[in-house]
Amino acid sequence: MKARYSIFSLARNALSSHENWPQAWRSPEPKKEYDVVIVGGGGHGLVTAYYLAKEHGITNVAVIEKGWLGGGNTGRNTTIVRSNYMWDESAALYEHSLKLWENMTKELNFNVMFSQRGVLNLAHTLNEVRITKRRIHANRLNGIDSEWVEPEQVKEWVPIIDLRGNGRYPVLGGSLQRRGGTARHDAVAWGYARAADALGVDIIQQCAVEGFDIEDGRVTGVRTSKGAIKAKKVGVVVAGHAGVLANMAGFKLPINSRPLQALVSEPVKPCVHCVVMAGAVHAYISQSDKGELVIGAGTDAYNSYAQWGSNPVTEDTLAAICELYPLFRRMRMMRQWGGVVDTCPDASPIISTTPVKGLYFNCGWGTGGFKATPGSGHIFADTVANDRPHPIAEPFSLERFKTGFLIDEHAAAGVAH
Ligand SMILES: Cc1cc2nc3c(=O)[nH]c(=O)nc-3n(C[C@H](O)[C@H](O)[C@H](O)COP(=O)(O)OP(=O)(O)OC[C@H]3O[C@@H](n4cnc5c(N)ncnc54)[C@H](O)[C@@H]3O)c2cc1C
């Protein structure tokens with residue numbers, strides 16, 4: 001058992017100037033063989049390992065990460081959490097996840113700073129008003145909290161907004177999910193890593209998977225920069241690199257890998273109290289606990305593995321932000337960065353068995369998988385443990401690209417994250 005974090009352990013460690021905290025997780029050398037190897041030490045991979053150990057009793061597990069934990073999209077996203085997706089299949093998936101968010105800090109004994117401050121999606125055109133209202137009805141039929149807000153109510157939630165949107169982007173109303181919000185992304189990775197390690201999972205960083213060993217159509221292990229590791233089953237959760245890993249295993253995925261960028265401003269006093277998203281103008285905003293404005297943009301229009309975004313996208317986003325919030329015209333931006341997101345043609349993820357026996361893929365979360373982290377890992381662990389899709393995962397299998405039963409979430413997930 002790990003030492004529990006509490007007010008008492010904080011006080012005890014203060015006495016030794018906080019120099020004797022135990023390591024949050026071990027850094028073991030890889031064993032020769034595991035029951036399950038998870039490739040990718042982002043949030044989704046770590047949650048998968050945690051639930052394999054916790055709910056399925058499979059503790060001989062390694063998480064193999066080529067860089068550092070959470071150094072991929074988990075540590076690069078703008079942390080918006082919500083579940084107001086359109087279709088029944090997505091509603092089940094994202095609501096399952098949101099429920100796990102609501103208990104995460106307690107379950108992990110690690111403060112992930114989950115703040116249910118509300119997520120507001122603005123509508124700027126009549127068409128958007130219709131689509132948004134339709135989605136609200138669909139959400140409510142699925143038991144998800146979702147409500148229409150008139151422009152005056154938008155102004156109450158976000159007093160600094162200019163409802164005229166400088167003439168270009170008038171605010172005609174929006175949808176509000178009060179249970180939505182933000183969280184601390186690094187804490188999510190660290191919290192699950194610590195909890196998984198406590199259950200016996202080996203977390204191996206700075207170790208890239210370079211190939212798979214496949215015999216008679218079944219995976220038997222992975223080849224890594226630290227040597228070959230045998231595995232009865234392998235789960236791959238590498239976001240923007242899913243296509244690369246699928247190529248290594250000898251099949252193709254219907255995925256595009258594109259840069260998605262975000263930026264933060266200098267810190268200012270609290271002025272944005274919820275998350276505000278505007279799909280039509282490709283810009284969304286929230287304020288971090290440090291006071292920085294966290295601003296997200298759209299994806300670049302081309303495929304790339306570069307972890308930065310192009311300048312025209314930044315310029316468009318900032319222009320829209322200044323038009324909606326004239327107050328921010330004088331603010332300075334501090335940092336900009338990008339991540340490589342894996343987008344599917346229907347803007348829905350893939351959680352699936354594959355043509356190779358014992359090899360499973362969880363990917364295609366595109367611009368919006370942070371919110372799904374706990375739910376995705378939970379159902380992927382079940383899929384890997386039982387060698388068949390979890391009922392929530394079933395519609396998200398690779399089969400849908402053959403059958404045509406796509407789950408088109410472009411309106412709910414295209415730009416909005
Ligand atoms: C700028 C930006 C903003 C975003 N905003 C939001 C948001 O507000 N809300 C939201 O819900 N989602 C958002 N997302 C999307 C979200 O970040 C991702 O969908 C989610 O974090 C994916 O998590 P993951 O664990 O699957 O991937 P990652 O965190 O990327 O983890 C995959 C890991 O696999 C590792 N890896 C890759 N190849 C190999 C290999 N060969 N061997 C070993 N390891 C390997 C990588 O190093 C990486 O650490 C955003 C993304 C970006 C880039």
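This is a predicted model, so every value here is computed, not measured. Indexing begins at 1, ligand by ligand and atom by atom, following the structure's order.
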A.B. asks: List every atom of ligand 1 that sits less than 4.0 Å from any heavy atom of I64, numbering the atoms from 1 in the order shown and giving each element.
C.D. replies: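 So the answer, numbered in order with elements, is 43 (C), 44 (N).
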
A.B. asks: As an exercise, identify every atom of ligand 1 less than 4.0 angstrom from a heavy atom of V39.
C.D. replies: 42 (N), 43 (C)

A.B. asks: Could you list which atoms of ligand 1 come closer than 4.0 Å to a heavy atom of Y284?
C.D. replies: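 Counting atoms of ligand 1 from 1, those under 4.0 Å from Y284 are 3 (C), 5 (N).
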
A.B. asks: What I want to know is whether H241 and ligand 1 share at least one N or O pair that is separated by under 3.5 angstrom.
C.D. replies: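 N/O-N/O distance below 3.5 Å does not exist for this pair.
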
A.B. asks: Which ligand 1 atoms, with their elements, are less than 4.0 angstrom from a heavy-atom of G366?
C.D. replies: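 This gives 15 (C), 19 (O) as the contact atoms.
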
A.B. asks: Run the salt-bridge test on D35 and K233 with the 4.0 Å N-O cut-off and return the result as yes or no.
C.D. replies: no

A.B. asks: List every atom of ligand 1 that sits less than 4.0 Å from any heavy atom of W365, numbering the atoms from 1 in the order shown and giving each element.
C.D. replies: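 Every atom of ligand 1 under 4.0 Å from some heavy atom of W365: 19 (O).
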
A.B. asks: What verdict does the side chain to side chain contact (heavy atoms under 4.5 Å, CB included) test give for Y284 and T317, after you've listed the backbone C-alpha separation in whole Å, the side-chain angles of each residue and the deciding distance to 0.1 Å?
C.D. replies: CA-CA 8 Å; Y284 59 94; T317 299; over 6 Å; no

A.B. asks: Is K66 close to ligand 1, meaning an N/O of one under 3.5 Å from an N/O of the other?
C.D. replies: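 Between K66 and ligand 1 (N or O atoms, distance only) the closest approach is under 3.5 Å.
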
A.B. asks: Where does F380 meet ligand 1, judged by heavy-atom distances below 4.0 Å: at the side chain, the backbone, both, or neither?
C.D. replies: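 The answer is neither; F380 stays 4.0 Å or more away.
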
A.B. asks: Do R184's NZ or CZ and the ring of F110 fall within the cation-pi criteria of under 6.0 Å and 45°?
C.D. replies: no

A.B. asks: Please step through salt bridge (Lys or Arg N to Asp or Glu O under 4.0 Å) for the pair E266 and R332, ending with a clear verdict.
C.D. replies: CA-CA 6 Å; E266 58 188 335; R332 277 167 296 195; 3.3 Å; yes

A.B. asks: Would you say ligand 1 has an N or O under 3.5 Å from any N or O of W68?
C.D. replies: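 There is no such contact.
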
A.B. asks: Between F396 and W365, is the gap from one ring center to the other below 6.0 Å?
C.D. replies: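 Centroid distance F396-W365: not below 6.0 Å, so no.
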
A.B. asks: Would you mind checking if R400 and E394 are paired as a salt bridge, meaning a charged N to carboxylate O distance below 4.0 Å?
C.D. replies: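 Looking at E394 and R400, the cut-off is not met.
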
A.B. asks: Tell me whether G369 has any N or O atom under 3.5 angstrom from an N or O of ligand 1.
C.D. replies: yes

A.B. asks: Report yes if some N/O of N73 lies less than 3.5 Å from some N/O of ligand 1; otherwise report no.
C.D. replies: yes

A.B. asks: So for ligand 1, is A262 a polar contact partner (N or O within less than 3.5 Å, distance only)?
C.D. replies: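 In fact, backbone or side chain, A262 has no N or O that close.
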
A.B. asks: Taking atom 34 (O) of ligand 1 as the point of reference, which of G40, S97, A189, P259 owns the nearest heavy atom?
C.D. replies: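 The residue whose heavy atom sits nearest atom 34 (O) of ligand 1 is G40.
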
A.B. asks: Using a strict 4.0 Å threshold on nitrogen-to-oxygen distance, state whether R117 and D289 make a salt bridge.
C.D. replies: yes

A.B. asks: Flag the pair E147 and R178 as a salt bridge only when some basic side-chain nitrogen lies within less than 4.0 angstrom of an acidic carboxylate oxygen.
C.D. replies: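 Looking at E147 and R178, the cut-off is met.
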
A.B. asks: With side chains defined as the heavy atoms from C-beta onward, is the minimum distance between W190 and V112 less than 4.5 Å?
C.D. replies: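 W190 vs V112: side chains apart.
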
A.B. asks: Any N or O on G70 sitting closer than 3.5 Å to an N or O of ligand 1?
C.D. replies: no

A.B. asks: With a 4.0 Å heavy-atom cut-off (strictly under), which part of T367 contacts ligand 1: side chain, backbone, both or neither?
C.D. replies: backbone

A.B. asks: Output yes when the distance from some N or O of ligand 1 to some N or O of I80 is under 3.5 Å, and no in every other case.
C.D. replies: yes

A.B. asks: Between K54 and E107, is there a side-chain heavy-atom distance shorter than 4.5 Å?
C.D. replies: yes

A.B. asks: Counting heavy atoms only, which of V238, D342, I38, V244 is nearest atom 36 (N) of ligand 1?
C.D. replies: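 Checking each option, the heavy atom nearest atom 36 (N) of ligand 1 is found in V238.
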
A.B. asks: Show the atoms of ligand 1 that are less than 4.0 angstrom away from any heavy atom in T79.
C.D. replies: 7 (C), 8 (O)

A.B. asks: Heavy atom of G43 under 4.0 Å from ligand 1?
C.D. replies: yes

A.B. asks: Could you tell me whether V340 approaches ligand 1 through its side chain, its backbone, both or neither, with non-hydrogen atoms closer than 4.0 Å?
C.D. replies: neither

A.B. asks: What part of H44 sits under 4.0 Å from ligand 1 if we count only heavy atoms: the side chain, the backbone, both or neither?
C.D. replies: both

A.B. asks: Do R168 and E323 meet the salt-bridge criterion of a basic N to acidic O distance under 4.0 Å?
C.D. replies: yes

A.B. asks: Are side-chain N/O atoms of S265 and E292 paired as donor and acceptor at under 3.5 Å?
C.D. replies: no

A.B. asks: Does C363 have a heavy atom less than 4.0 Å from any atom of ligand 1?
C.D. replies: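 It does not; every heavy atom stays at 4.0 Å or beyond.
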
A.B. asks: For a quick test of reading the model, state the closest non-hydrogen atom pair linking C363 to I255 and the distance between them.
C.D. replies: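 Closest approach of C363 to I255, heavy atoms only: SG-CD1, 3.6 Å.
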
A.B. asks: Taking the six-membered ring for Trp, are W21 and Y5 ring centroids under 6.0 Å apart?
C.D. replies: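 Ring-ring flag for W21/Y5: true, centres closer than 6.0 Å.
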
A.B. asks: Please list, in number order, the atoms of ligand 1 under 4.0 Å from a heavy atom of A208.
C.D. replies: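 The atoms of ligand 1 under 4.0 Å from a heavy atom of A208 are 42 (N).
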
A.B. asks: Report the part of L245 (side chain from C-beta onward, or backbone N, CA, C, O) that has a heavy atom under 4.0 Å from ligand 1; answer both or neither where that applies.
C.D. replies: side chain

A.B. asks: For Q261, is at least one N or O under 3.5 Å away from an N or O on ligand 1?
C.D. replies: no

A.B. asks: Any salt bridge between E399 and K402, counting N to O under 4.0 Å?
C.D. replies: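 Yes, this pair counts.
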
A.B. asks: Look only at interatomic distance and state if T78 has a nitrogen or oxygen under 3.5 Å from any nitrogen or oxygen of ligand 1.
C.D. replies: yes

